[in-house]
Amino acid sequence: MSEATELLDWAADHARRGVATIPEPVLRKAMLIVCDDLAAMIAAHTEDEVRRVSAQAVDGDESTVVGVPGRRTDRGRASVANAVAANWTELDGGYRPATCHGSLYTLPTALAEVEATNGSVGDLLIALVTGYEVVTRVARAYRPPLPLSRHPHASLSPIGAAAAVGAARRLPADAFARTVLGAASMSMTGPFVNATQGATVRNAWAAAASQLGFLAADMADAGLTGSPTAFREVFADVGGAAAREEELTQGLGERYGVQDAYHKPYACCQYLHSSVEAAGQLAKRVPVDKIVEIAVRAHPLAAALGNKSPETSLAARFSLPHAVAAVLLAGEPDMKAFARESLHEATVVQLRDRVRIEEWTDVPEPPHDRPSSVRVTLADGSVHEETVMSALGGPDRPMSREQLLDKFRTLTAELRPGFAAQAEALTDPDRPLDLDVPLRVVLDRLLGEVS
């Protein structure tokens, strides 16, 4: 039996055996991921494009459109709207052991499918945990060559969506495998440069993948087959990844992928987080109007993001010069530093031009593999420097529950003032998890109070 077959057989069996097979700490972590990504979806609805995407969803009765009060639509359209919103502000969660946003690729589809079929919170967590396990193991097994040419939001997300649908539907092993392998063959190109250039269609790739997940399940149900070596064909043979297929099966069920998920405190690409954090520390003690030079030494993934003239908020979130300049001016790395209004602010533009990037060549081992040092020189010749070896949110510096609750309050206070209190109750470690409550009831509670 191949590693791919073993993984997919395990995932199908795992989902069919139900929520009782998942350890409680894993379920609680998964619930935090759900609340975190829902908060990101809500926050994105301050953006015109996101509101317009959600408004395209016609009235229906299957699944909730998170950003539109009281709106439900068909499951496919709901997953599209929610996926676009989830990754718009770069505040959805990620997966640190590989370049992969496991919840973005699974949660919008799982939410839509489980609600449409009158499922429970437990059903949602099964679909999320199982789908997350499959897609993150594929991400670890087939790491793309650097610099990145294909964005994982395009290449990996169909696999996560299909695995989530298969788990939610409790498909038998053969149908589950056909669904996921078929979706793998539908992997999209998604040039990584679209993110750095600021082409916001990048924010629709996970949405497109949610449709491919449903399509793959329907095709599998009709009897269409997938190649048993689809993962290797797509990511190694075509994509040029070095295959480490033992990663597909090592330690299955011992430690779950969701346990290595991180939550993002800063509204930009995670590659920039250490630089953003260092700039935020400097901003507390450096007069911005006296800065004549900014030198940033950053790990290779961040150093490659050198766009000094971002034209969209997405490009700003993938620009090292903008991230450092905007945070130095704002005084802290909050969402305003990456808002559309920051792009052409005169002082930010001047500071971006003064940024000089140096690649950190002798990068340490994880978790210190994404370090950054920011050094500013002032007009009087004095030099001030801050170094961050590992930013908040990483595996060695996880956000605390209280920090996450603060994040939820900040992101949702304007549009859903009741969300944070409901999320606090849902994630209370001293309360038993109510896994049997219908998902629709919980969503109505979380999203019900509208400003």
Undergrad: Between R96 and D396, does any side-chain N to carboxylate O distance fall below 4.0 Å?
TA: no
Undergrad: Begin with the C-alpha distance, continue with both residues' side-chain angles, and end with the deciding distance and a verdict on side chain to side chain contact (heavy atoms under 4.5 Å, CB included) for V376 and L282.
TA: CA-CA 8 Å; V376 299; L282 282 171; 4.1 Å; yes
Undergrad: Does the separation of the ring centres of H14 and Y256 fall below 6.0 angstrom?
TA: yes
Undergrad: Side chains of L146 and L148: does their closest heavy-atom pair fall under 4.5 Å?
TA: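 A side-chain contact under 4.5 Å exists here.
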Undergrad: So, E49 and R340, do they make that salt bridge, N to O below 4.0 Å?
TA: yes
Undergrad: Distance check, rounded to the nearest 0.5 Å: Y105 atom OH versus W205 atom CH2?
TA: 10.0 Å
Undergrad: Could you pull out the closest heavy-atom pair between L248 and A4, with the gap in Å?
TA: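 Of all heavy-atom pairs spanning L248 and A4, the closest is CD1-N, 3.8 Å.
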Undergrad: Rounded to the nearest 0.5 Å, what's the gap from CG on L128 to NZ on K29? Could you check?
TA: 11.0 Å
Undergrad: So, do L426 and V121 sit near enough that their side-chain heavy atoms are less than 4.5 Å apart?
TA: no
Undergrad: Take K284 and E386 through the salt bridge (Lys or Arg N to Asp or Glu O under 4.0 Å) test and state the conclusion after the steps.
TA: CA-CA 11 Å; K284 299 173 184 177; E386 289 286 349; over 6 Å; no
Undergrad: For A112, does its backbone N or O pair with a side-chain atom of S63 as donor and acceptor, under 3.5 Å?
TA: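 Side chain of S63 to backbone of A112, a donor-acceptor pair under 3.5 Å: yes, one is there.
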Undergrad: With a 4.0 Å cut-off on N to O distance, would you call D36 and K407 a salt bridge?
TA: yes
Undergrad: How close do L439 and L124 get, heavy atom to heavy atom, and via which atoms?
TA: CD1-CD2, 3.7 Å
Undergrad: Does H299 use its side chain to pair, donor to acceptor, with the backbone of Y271 at less than 3.5 Å?
TA: yes
Undergrad: Would you say the side chains of S227 and E233 form a donor-acceptor pair under 3.5 Å?
TA: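 Yes, a side-chain donor-acceptor pair sits under 3.5 Å.
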Undergrad: For the backbone of G102 and the side chain of T106, can you confirm whether one donor and one acceptor N or O come within less than 3.5 Å of each other?
TA: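 Pair found, side chain donor or acceptor close to backbone of G102.
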Undergrad: Take S372 and W360, measure what side chain to side chain contact (heavy atoms under 4.5 Å, CB included) needs, and give me the verdict at the end.
TA: CA-CA 8 Å; S372 180; W360 193 312; 5.5 Å; no
Undergrad: Roughly how far, to the nearest 0.5 Å, is the OG1 atom of T387 from the CD atom of E277?
TA: 11.5 Å
Undergrad: Between F338 and H322, is there a side-chain heavy-atom distance shorter than 4.5 Å?
TA: yes
Undergrad: Tell me, do N194 and H151 make a side-chain contact under 4.5 Å, heavy atoms counted?
TA: no
Undergrad: Atom CG of L447 and atom CD1 of I42: how far apart are they, to the nearest 0.5 Å?
TA: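 Between L447 CG and I42 CD1, I get 5.5 Å after rounding to 0.5 Å.
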Undergrad: Which distance, rounded to the nearest 0.5 Å, do you find between the CG of L38 and the CD1 of I33?
TA: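 Output value for this atom pair is 12.0 Å.
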Undergrad: Looking at every non-hydrogen atom in both residues, tell me the closest pair between N307 and T196 and how far apart they are.
TA: ND2-O, 3.2 Å
Undergrad: Does E47 reach the main-chain N or O of W88 with its side chain, forming a donor-acceptor pair under 3.5 Å?
TA: no
Undergrad: Minimum heavy-atom separation for Q281 and V388, please, with both atom names.
TA: NE2-CG2, 4.0 Å
Undergrad: Check whether any side-chain heavy atom of P300 sits under 4.5 Å from a side-chain heavy atom of V363, and report yes or no.
TA: yes
Undergrad: Side chain to side chain contact (heavy atoms under 4.5 Å, CB included) between E311 and H344: does it pass, once the steps are laid out?
TA: CA-CA 9 Å; E311 292 296 327; H344 305 295; 3.7 Å; yes
Undergrad: Assess the residue pair R375 and E358 against the criterion (salt bridge (Lys or Arg N to Asp or Glu O under 4.0 Å)); give the C-alpha distance rounded to whole Å, side-chain angles, the decisive distance to 0.1 Å, and a yes or no.
TA: CA-CA 11 Å; R375 184 176 70 253; E358 175 188 351; 5.6 Å; no
Undergrad: Applying side chain to side chain contact (heavy atoms under 4.5 Å, CB included), run through I22 and L125 and close with a yes or a no.
TA: CA-CA 9 Å; I22 306 175; L125 298 185; 5.7 Å; no
Undergrad: In terms of side-chain geometry, is the basic nitrogen of R137 or D260 positioned less than 4.0 Å from the acidic oxygen of its partner?
TA: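 Salt bridge flag = no for D260 with R137.
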Undergrad: Using 4.0 Å as the upper bound for N to carboxylate O, is an ion pair formed by R409 and E402?
TA: yes
Undergrad: Do side-chain atoms of R416 reach the backbone of A39 as a donor and acceptor pair under 3.5 angstrom?
TA: no
Undergrad: If the threshold is 4.0 Å, N to carboxylate O, is there a salt bridge linking E3 and R140?
TA: no
Undergrad: Does atom CZ (R431) have a neighbourhood of more than 12 heavy atoms from anything else shown, all under 6.0 Å?
TA: no
Undergrad: Where is the tightest heavy-atom contact between G182 and A216, given as atom of each residue plus distance?
TA: C-CB, 4.5 Å
Undergrad: Under 3.5 Å, side chain of D37 to main-chain N/O of D92, donor-acceptor pair present?
TA: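 Checking the backbone N and O of D92 against the side chain of D37, no donor-acceptor pair under 3.5 Å is found.
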Undergrad: Would you confirm whether N87, through its side chain, and V84, through its main-chain N or O, come within 3.5 Å as a donor-acceptor pair?
TA: yes
Undergrad: Could you tell me the separation between the CG atom of L378 and the CD1 atom of I291, rounded to the nearest 0.5 Å?
TA: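 The CD1 atom of I291 is 6.5 Å from CG of L378, to the nearest 0.5 Å.
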Undergrad: Would the distance check show the side chain of S342 and the main-chain N or O of A337 forming a donor-acceptor pair, the cut-off being under 3.5 Å?
TA: yes
Undergrad: Find out whether E247 and Y142 are in side-chain contact, i.e. whether some heavy atom of one side chain is under 4.5 Å from a heavy atom of the other.
TA: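 No. Closest side-chain heavy atoms not under 4.5 Å.
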Undergrad: Using distance alone, with no hydrogens and no angle criterion, decide if H273 and R370 have a side-chain donor and acceptor under 3.5 Å apart.
TA: no
Undergrad: Going by atom types only, do S319 and R352 share a side-chain donor-acceptor pair under 3.5 Å?
TA: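 Per modelled atom types, S319 and R352 side chains form no pair under 3.5 Å.
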Undergrad: Has the side chain of R71 got a donor or acceptor atom that lies under 3.5 Å from a matching backbone atom of A57?
TA: yes
Undergrad: Can a donor-acceptor pair be found, under 3.5 Å and without considering hydrogens, that links the side chain of R51 to the backbone of T46?
TA: yes
Undergrad: Might you point out which heavy atoms bring P333 and Y266 nearest each other, and give the distance in Å?
TA: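 Closest heavy-atom pair between P333 and Y266: CG-CE2, 3.4 Å.
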Undergrad: Kindly indicate whether the side chain of H153, heavy atoms from C-beta on, has any atom under 4.5 Å from the side chain of M188.
TA: no
Undergrad: Taking C-beta and beyond as the side chain, do R401 and D428 meet within less than 4.5 Å on heavy atoms?
TA: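 R401 vs D428: side chains touch.
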